[in-house]
Number of protein chains: 2
Amino acid sequence: MSEGMEQPEMEESDHKEISVAEFFEKNRHLLGFENPQKSIITVTKEAVDNSLDACEGDEILPEIHVLIDEIGDEKCRIEIRDNAIGLDRETIPKVFGKLLYGSKFHKLQQSRGQQGIGISASAMYAQLTTGEPVTVWSKQEGEPCHKFVVRIDTEKNEPEIIEDEVVGKDSDEFPGGKDYYFDHGTTIEMNIEAKYTGGHHSVKNYLKHTAIMNPYARIVLREPDGNKIEYPRVSKDLPQKPKEIKPHPHGVELGIMMRMIEGSSARTVSSFLQNEFTRVGRTSADDICEEAGIDSDRRPNTLDKDEIETLLKAAQNVKLQSPPKDCLSPIGEELIEKGLQKELNPDMIFAETRKPKVYKGNPFQVEVGLAWGGDIDEEGSFDELRFANKVPLLYKKSSCVTTKAVEEVSWNRYNVSQTGDRPQGPLYILVHIASVWVPFTSEGKEAVANYEDIRKEMKLALQEVGRKLGRELKRQERREIQEKKKRQLTSYAKEMGPAIVELAGEGSPEEIEEKIQAMVHADYNPEQL
Amino acid sequence: MSEGMEQPEMEESDHKEISVAEFFEKNRHLLGFENPQKSIITVTKEAVDNSLDACEGDEILPEIHVLIDEIGDEKCRIEIRDNAIGLDRETIPKVFGKLLYGSKFHKLQQSRGQQGIGISASAMYAQLTTGEPVTVWSKQEGEPCHKFVVRIDTEKNEPEIIEDEVVGKDSDEFPGGKDYYFDHGTTIEMNIEAKYTGGHHSVKNYLKHTAIMNPYARIVLREPDGNKIEYPRVSKDLPQKPKEIKPHPHGVELGIMMRMIEGSSARTVSSFLQNEFTRVGRTSADDICEEAGIDSDRRPNTLDKDEIETLLKAAQNVKLQSPPKDCLSPIGEELIEKGLQKELNPDMIFAETRKPKVYKGNPFQVEVGLAWGGDIDEEGSFDELRFANKVPLLYKKSSCVTTKAVEEVSWNRYNVSQTGDRPQGPLYILVHIASVWVPFTSEGKEAVANYEDIRKEMKLALQEVGRKLGRELKRQERREIQEKKKRQLTSYAKEMGPAIVELAGEGSPEEIEEKIQAMVHADYNPEQL
């Protein structure tokens, strides 16, 4: 290693390949590993996301345990356990020991994970900061439990298997205790440089937000001091499983279209269009070919670049149905309400799930919720609960489309006071975007890009629940005024009782009434209530 | 492709490897390719950065031509040509047709490029948006000129060579015209989806900023309408070439240390420490071993993980010299002044190059410049010129440490008015950070992370030039007042001439003087000037 360093720079001789693992090791701040406090949240997030995706994929009600121990100065052991169907033996080392390896990247389907980077990057972070490999147990129903100890060979971006064994249920090596034994699932354990803290940016808050958006999951956190926090399951209804879709012609670029044609086994251009795209049937396919002036019976691989470009332009001009919406899986108004209720215990909740829309050919759907009063802190500005595909977003608030949308709403129209653009009061605002492709502003998936179509949907949804909150606040205000009035009149009546009796002896009923009115009105001023 | 899509999700069978090219194709917004307007700046930036790095690496005064033609609706041809030493035949296809391939990643040395992603990602963007490969010509002195037409096989992240030939100087295939023939250098040409615009976010502005920070380069831009803009060379002094350094023990993590030991051929721990790190000599090495309680004569590969951890901690506790600073190449106060002078033509310029400092074991150095008045627009807020390793940063201003530093300075102390934290007036503020490792906030390298050590240096440098500007503004103000006074008194004298003559006949000299004083003081009020 040291030899080459002293040599003069010769551009040719120095060029070499960089593995993606080396790249992300050096740039780990791009993935959320910039400091010990954030890193432990990132590891939790990556593991919990994978677990929830895996459970939902097989329609299992998720049960997830997160166990954290402090094992030294800024060093923690973290174990995360789920009850999903488990991984087969061959897949395990690669999932945890190779970056850019996964099942979701090539699919147009709503999921938490997208890239196949998160959990292996966590393992790489463990290795980098504590020098230790990760341990994984995975068990499928009726199968033995596989235990692997895995390192990442960073220069090759390949897993290096240190241990590979089968452990029996009664073995000491079997993961977990009696209280969290699962017949199927995956457990990952690693030692990382970490700082376990409280506050907004904490594992606890991350899991709380997760629990709100995934109320059909049971999540248990054991903190380093032994304290156990349970986020209970409040619904047994899993949201509908999102379907995978094919690309829509309106969201495809030329280079991709060319690759699709190259890889297609279709015998005619018409059947290529029908097979490879969503919302293209026989009639639309023929329309597209006609618009492009291309014979619909030609073999796709006889098209040259310019013809493909013409075909794509035609496909983008011909009117087609929007992409199907069953690829989306919002959690729905009822579950939003349940989630907010159980974790915040507010006075009022309003939720709204919008209809699906499309941005750049990608279907997406917005949901929002407002929680007001009750156990929520009265002081200062509102709290925000931001989610993308059910995953909490804790960082980069100011550059997130959700924040822009919140600030575009005129909250004081809804009887909520504002400081600048920000609503004030005992208020939580939840915003969720579900999409087959969430446009994150960075790899760490911390904020959603400010696309106008998305912002508009969020704003409309917030206005809808804002109106409901405003009406309710108005009603409450009126009710309070009336109750105070009643209470006050009652106390007046008591005080005035003797006076009235006294008055009763003096003059006609009209005169008495007049005197009473004068007494009441002198004291009673609704403005002061 | 279409078969797998309809199947139910089976986690095991679906897992597969994702190439880094596929990853960045789908996430191209992370690299600066989010829209046609920005993409053309990104392509220019990546090519120009490479050219400048290559020229400086071989101590050649850079000459760079950027030629842009509009070839369709939101489609441009862009050609970028340099006079660096050129690439050898084997290297060419990989540099332009493979992501994460380069010469700078594994070096601790100040350079514009770091990752080996930029230019190949540009080629990938061309291919994605126009379906076309890129063409590269490269010629080394005394060697033939090689022409390559290259595509990226995105699934494999490997170049696919479409043409590979040698072109003679007189051939039509030889790049460039008479006015920009170079005997050595590289030319890249590609067609991309692009929007050529003016304004702050434009190729023109990017090159203007580049010219300011690299005044020893000659840069020529030919705009789509044929208009030619030349940014002339105003200095023939190349800044000192930065030296490559070895890592400093204070900036190394355990995982890296373990890998260094694994790959080392040193026979003793002491020689390992001396060979692999900067600032560790025999004495320091022995001190470290003693502090760690490890025999300095042991073979490094006999150390276990815990011993390596102890050794690293000891190395971080033992007092060592800071890393050497000759790995940095600031451009210096004189060149900053020349650069600002030639592109802005202001009234006053102040520049300051601070001494090198260290953050997290990485040497860095800050330079700033202020340009005031002259051709600079009077209206509104200041303009910022942000640079990292001499590369202009045009985006993400608000999240950049430079902006925070500017806002922390009390400009009104220096006779510069402020609106909020921002100075107002005919002012350009230049901030440059040079480092072997610039902590960018994203892969697109658009903003520098807000590290306290860095912000502090920037603030101190800005205060230094701010004071100079303030003094000069004060002096100017005083000079102006005096000149106005002089002018005004002269005009009084003219007006009063006849009156004095008239007075001269009435009374003693004392009386006359008194009357004159009374006249002058009645009219003359310095406060009003």
Side-chain angles (χ1 to χ4, degrees), chain A residues 1-2 5-6 9 11-12 14-20 22-23 25-27 29-30 54 57-58 85 87-88 90-91 94-95 98 100-103 105-107 115-116 127-132 154 244 246 253-256 258-260 263-264 275-276 305 308-309 399 439 441-443 449, chain B residues 1-2 5 9 11-12 14-20 22-23 25-27 29-30 54 57-58 84-85 87-88 90-91 94-95 98 100-103 105-107 115-116 127-132 154 244 246 253-256 258-260 263-264 275-276 305 308-309 399 439 441-443 449:
Chain A
M1 192 166 177
S2 65
M5 283 194 164
E6 307 299 324
E9 190 184 15
E11 187 144 14
E12 317 77 276
D14 274 0
H15 278 86
K16 59 178 187 168
E17 189 167 344
I18 301 140
S19 97
V20 69
E22 289 177 301
F23 173 76
E25 182 182 74
K26 202 161 173 183
N27 290 289
H29 59 286
L30 302 177
D58 291 289
I85 57 161
L87 297 162
D88 65 12
E90 284 64 42
T91 311
K94 288 196 171 178
V95 165
K98 183 177 174 66
L100 288 179
Y101 182 83
S103 59
F105 185 81
H106 291 96
K107 283 185 199 161
Q115 327 275 22
Q127 179 172 320
L128 178 70
T129 54
T130 67
E132 291 175 45
T154 318
E244 185 177 342
K246 293 175 191 172
E253 268 161 308
L254 180 57
I256 305 289
M258 287 169 69
R259 214 148 70 208
M260 287 168 79
S264 166
N275 291 344
E276 298 291 346
K305 190 188 81 67
I308 297 174
E309 195 169 352
S399 54
T441 60
S442 70
E443 235 141 70
Chain B
M1 193 168 176
S2 66
M5 283 194 163
E9 189 185 16
E11 186 145 13
E12 314 78 276
D14 275 358
H15 278 86
K16 61 176 183 169
E17 189 167 344
I18 301 140
S19 97
V20 68
E22 291 178 299
F23 172 76
E25 183 182 74
K26 204 163 173 180
N27 290 290
H29 59 285
L30 301 177
D58 290 291
I85 56 160
L87 297 162
D88 66 11
E90 285 62 43
T91 312
K94 289 196 172 179
V95 165
K98 182 178 175 66
L100 288 181
Y101 182 83
S103 59
F105 184 82
H106 291 96
K107 283 185 199 161
Q115 326 276 21
Q127 176 172 322
L128 178 71
T129 55
T130 68
E132 292 173 46
T154 318
E244 185 178 343
K246 293 174 189 172
E253 267 162 309
L254 180 57
I256 304 290
M258 287 169 69
R259 213 148 71 208
M260 288 168 80
S264 165
N275 291 344
E276 300 290 345
K305 190 187 82 65
I308 297 173
E309 194 169 352
S399 53
T441 61
S442 71
E443 234 140 71

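Letters A, B, ... mirror the listed sequences (proteins, then strands); counts begin at 1.
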*Side-chain heavy atoms of B:Thr129 within contact of A:Leu254, under 4.5 Å*: no
*For the residue pair A:Ile256 and B:Glu25, establish whether any side-chain heavy-atom pair is separated by less than 4.5 Å.*
yes
*Please check if any side-chain donor atom of A:His15 sits under 3.5 Å from a side-chain acceptor atom of B:Glu90, or the reverse.*
no
_Under 4.5 Å from any heavy atom of chain B - which part of A:Ser264_ = neither
*Residue among B:Ser442, B:Gly102, B:Gly131, B:Gly116 with most heavy-atom pairs under 4.5 Å to chain A*: B:Gly102
*Could you check which of A:Gln127, A:Met258, A:Glu132, A:Gln115 has the highest count of heavy-atom pairs closer than 4.5 Å to chain B?*
A:Gln115
*Does a side-chain heavy-atom distance below 4.5 Å link A:His29 with B:Thr441?*
no
*asked:* Is B:Leu30 in contact with chain A via its backbone, its side chain, both, or neither, using a 4.5 Å heavy-atom distance?
replied: side chain
*In Å, rounded to the nearest 0.5 Å, how long is the span from CD of B:Glu17 to CG of A:Leu100?*
8.0 Å
*Answer with side chain, backbone, both or neither: which region of B:Glu309 has an atom nearer than 4.5 Å to a non-hydrogen atom of chain A?*
side chain
*Determine whether A:Glu22 and B:His106 make a side-chain contact, defined as any pair of heavy atoms from C-beta on separated by less than 4.5 Å.*
yes
*Taking side chain to side chain donor-acceptor pair (under 3.5 Å) as the test, write out the residues that go with B:Thr130, two or more places apart.*
none
*Write down the atom of B:Tyr101, the atom of A:Ile18, and the distance for their closest heavy-atom approach.*
N-CD1, 4.1 Å
*Does the ring of B:Phe105 carry A:Lys26 above it, NZ/CZ under 6.0 angstrom from centre and within 45° of its axis?*
yes
_From OG1 (B:Thr154) to CZ (A:Arg259), nearest 0.5 Å_ = 4.0 Å
